[in-house]
Amino acid sequence: MAAPPSLSCLLEEPRRLPPPPPPQDGMDTEAEWRDWAELPRDVLLAVLSRLDHIEILMGPDMVCSPWRRAGTDEPELWRRIDMRFHYADGFYLNSRKLLQMVRAAMRRSAGRCEAFWGGSYVTERILSLVGNAAPSLKSLRLIECRDIVDSAFKAVITKFPMLEELEISNCMHRFPETLEVIGDACPLLKRFRLSQRSFYSEIVDDSAAMAIASMSELRSLQLTANSLTNSGLELILNGCPLLESLDIRSCYHICMDNEMQAKCARIKTLRHPEDSMDDYDLSFNYTIPRPCWSTEPIEYSMGCQSPY
C-alpha cells in the first residue's frame with residue numbers, strides 16, 4: 001500500500017493541473033475534459049461545503065491552487081467545523097496529524113468559528129486550542145473522547161460564554177466539576193446532550209441533575225443512561241422552565257408514574273426511559289438493556305417501586 005500524502009500539503013502550494021490531452025477522433029472534447037480549476041468560486045464553495053473538514057484538508061485542498069485558495073481564504077467555510085467520526089489509526093491519521101488539522105481549521109476560520117464537532121481523537125490540547133481560537137463558539141459536540149479529564153474540561157468550558165449547544169456523548173470520563181460550572185459559564189445554553197454507553201444499576205446519582213437545573217435557558221435536553229431519579233428529574237423540570245424536548249431513554253431509575261407524567265405534561269417532545277433506541281444516532285443497532293434488579297425486579301418494573 002502506498003504511503004499517504006504528508007500533511008505538509010497544508011503549507012505547500014499545489015501544482016496546477018497539466019494541460020488537457022489532444023482530442024481523439026469522435027471525442028466530444030467539452031464533455032470528456034473540463035478544467036476543474038476554472039470552476040466559479042461560488043460553485044466550488046458549494047461543493048466544498050458538502051464535505052466534512054478533514055475531507056477538505058486531505059482531498060480537495062490538494063487538487064490545485066484555486067481549490068486550495070477557496071479552502072484557505074474563505075472563513076465562512078470554516079465557521080462550522082465538523083470533524084466527527086474520524087479516528088487516529090496510526091497510519092493515515094495519527095494524533096499529531098489530527099492536531100495539525102484542527103490547528104489549520106482554526107487558523108482558516110480567522111476567529112469566526114461558531115461550531116466545533118470532534119471525535120475520539122480530541123485531547124485536552126485540542127480542546128484548549130479551540131478555546132483560544134474560537135471565542136464566539138456557539139456549538140461544541142464531543143463524541144467518544146477518551147483523553148479529556150474533568151479538570152481540563154472545566155477550565156476550557158469557561159472560555160465559551162456564547163455557547164448555545166453542548167454535547168458530551170459516550171466519553172470515557174465523567175465531568176461532575178464541569179457540569180457544575182456550565183450554568184454560570186454558558187448562560188445562553190439551549191441544547192444539552194449528555195449520553196453514556198451503559199446504565200449502571202448500582203449507581204443512584206442526582207448530581208448531574210442538580211447541575212443541569214442551573215441551566216435555566218435549556219430548550220432541549222437528552223440524558224441517555226443517566227443514573228438520576230425522579231427527584232433529580234423534578235429538579236430539572238423546576239430549574240428549566242423553558243424546556244420543550246426531554247429525552248430520558250435508558251434512565252431506568254426514573255419511574256414515569258402518574259405524578260411524574262403530570263409534571264412532564266408541559267414538555268412537547270418526551271422520550272420515556274423504556275422507549276426504543278432504534279433512532280439513536282451514535283451507533284448502529286445500539287441498545288442499552290434494562291438491568292436485572294437484584295431486589296423485586298418485577299415490582300420495580302411494573303409498579304415503579306425502586307429497590308433502593
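Note: hydrogens, waters and symmetry copies are ignored here, and every other heavy atom, side chains too, is used. A quick note: this is a predicted structure, and the numbers were derived from the prediction, not measured.
With contacts defined as side-chain heavy-atom distances shorter than 4.5 Å, the pair Ile157/Val181 qualifies. Taking 4.5 Å as the limit, every side-chain heavy atom of Ser227 sits out of range of all side-chain heavy atoms of Val204. With contacts defined as side-chain heavy-atom distances shorter than 4.5 Å, the pair Leu233/Ile248 qualifies. Within the 4.5 Å cutoff, side-chain heavy atoms of Phe116 are placed close to those of Met83. Counting heavy atoms from C-beta outward, Leu237 and Leu235 have side chains that stay 4.5 Å or more apart. Between Leu137 and Glu114, every side-chain heavy-atom pair lies at or beyond the 4.5 Å cut-off. Within the 4.5 Å cutoff, the side chain of Met106 has heavy atoms near those of the Cys113 side chain. Counting heavy atoms from C-beta on, the side chains of Phe175 and Leu194 never come closer than 4.5 Å.
Both Met256 and Leu223 sit in one connected hydrophobic cluster of ILVMFWY residues. Membership requires side-chain heavy atoms under 4.5 Å apart, directly or through other members. Cluster membership check: Met210 does not share its hydrophobic cluster with Leu166, using side-chain heavy-atom separations under 4.5 Å among Ile, Leu, Val, Met, Phe, Trp and Tyr. Residues Ile148 and Val156 are members of one and the same hydrophobic cluster, defined by side-chain heavy-atom contacts under 4.5 angstrom among Ile, Leu, Val, Met, Phe, Trp and Tyr. In terms of hydrophobic clustering, with Ile, Leu, Val, Met, Phe, Trp and Tyr side chains grouped at heavy-atom distances under 4.5 Å, Trp78 and Met162 are assigned to different clusters. Placement of Leu127 and Leu129 within a single hydrophobic cluster is found when ILVMFWY residues are connected by side-chain heavy-atom separations under 4.5 Å, directly or transitively.
Separating the CG atom in Asp275 from the CG atom in Leu270 is a distance of 7.5 Å, to the nearest 0.5 Å. Note: Asp247 CG to Ile267 CD1 = 12.0 Å, rounded to the nearest 0.5 Å. Note that CE of Met277 is 5.0 Å distant from OG1 of Thr224, once rounded to the nearest 0.5 Å. Taking CD from Gln222 and OG from Ser245, the interatomic distance works out to 8.5 Å, rounded to the nearest 0.5 Å. Atoms CZ and SG, from Phe192 and Cys240 in turn, are 10.5 Å apart once rounded to the nearest 0.5 Å. In this structure, SG in Cys145 is found 10.5 Å from CE in Met172, a value given to the nearest 0.5 Å.
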Practice item. Could you give me the CA-CA distance, side-chain angles and deciding distance for Glu144 and Arg146, then say whether salt bridge (charged side-chain N to carboxylate O under 4.0 Å, His left out) is met? Key: CA-CA 6 Å; Glu144 296 185 347; Arg146 302 184 297 265; over 6 Å; no
Check your understanding: Lys263 and Glu234: salt bridge (charged side-chain N to carboxylate O under 4.0 Å, His left out), yes or no, with the steps?
Key -> CA-CA 8 Å; Lys263 291 177 180 178; Glu234 188 171 352; 2.8 Å; yes
Practice item. Please test Gln261 against His272 for side-chain contact (heavy atoms from CB on, under 4.5 Å), starting from the C-alpha separation and ending with a verdict. Key: CA-CA 10 Å; Gln261 291 274 19; His272 289 219; 3.1 Å; yes
Exercise for review: Just do the side-chain contact (heavy atoms from CB on, under 4.5 Å) check on Val102 and Tyr121 with the steps written out, would you?
Suggested key: CA-CA 11 Å; Val102 174; Tyr121 61 87; 4.2 Å; yes
**Study point:** Criterion side-chain hydrogen bond (donor to acceptor under 3.5 Å, both in side chains) on Ser231 and Asp206, from CA distance to verdict
**Key:** CA-CA 8 Å; Ser231 297; Asp206 281 326; 5.0 Å; no
Practice item. Begin with the C-alpha distance, continue with both residues' side-chain angles, and end with the deciding distance and a verdict on side-chain contact (heavy atoms from CB on, under 4.5 Å) for Cys251 and Arg249. Key: CA-CA 5 Å; Cys251 296; Arg249 283 178 291 178; over 6 Å; no
Practice item. Could you give me the CA-CA distance, side-chain angles and deciding distance for Phe153 and Glu177, then say whether side-chain contact (heavy atoms from CB on, under 4.5 Å) is met? Key: CA-CA 9 Å; Phe153 200 179; Glu177 294 183 9; over 6 Å; no
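Between the side chain of Asp205 and the backbone N or O of Leu228 there is no donor-acceptor pair closer than 3.5 Å. Distance alone, capped at 3.5 Å, is enough to place a donor-acceptor pair between the Thr158 side chain and the Ala155 backbone. Here the side chain of Thr178 pairs a donor or acceptor atom with the backbone of Lys154 at under 3.5 angstrom. Here the side chain of Asn230 pairs a donor or acceptor atom with the backbone of Cys255 at under 3.5 angstrom. Remark: the backbone N or O of Ile126 is not paired with any side-chain donor or acceptor of Arg103 at under 3.5 angstrom.
Nearest heavy-atom pair across Gln196 and Asn226 is OE1-ND2, 4.3 Å. Contact between Ala209 and Gly232 at its shortest, heavy atoms only, is CB-O, 3.5 Å. Here the closest heavy-atom approach between residue Ser198 and residue Ala225 is recorded as O-CB, 3.6 Å.
Heavy atoms of other residues, nucleotides or ligands lying less than 6.0 angstrom from CG of Asn238 number more than 12. Applying the 6.0 Å contact sphere to CE of Met260 captures more than 12 heavy atoms from other residues, nucleotides or ligands.
With ring centers used as reference points, His253 lies under 6.0 Å from Phe199.
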Pairs under 3.5 angstrom only: tabulate donor-acceptor contacts from the side chains of residues 182-191 to other protein residues two or more places apart or in another chain.
from: Lys190; atom 1: NZ; to: Leu188; atom 2: O; distance (Å): 3.4

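Between the side chains of Ser195 and Asn170, not a single donor N or O lies within less than 3.5 Å of an accepting N or O.
Between Asp279 and Arg271 there is a salt bridge, since a side-chain N of the basic residue sits under 4.0 Å from a carboxylate O of the acidic one.
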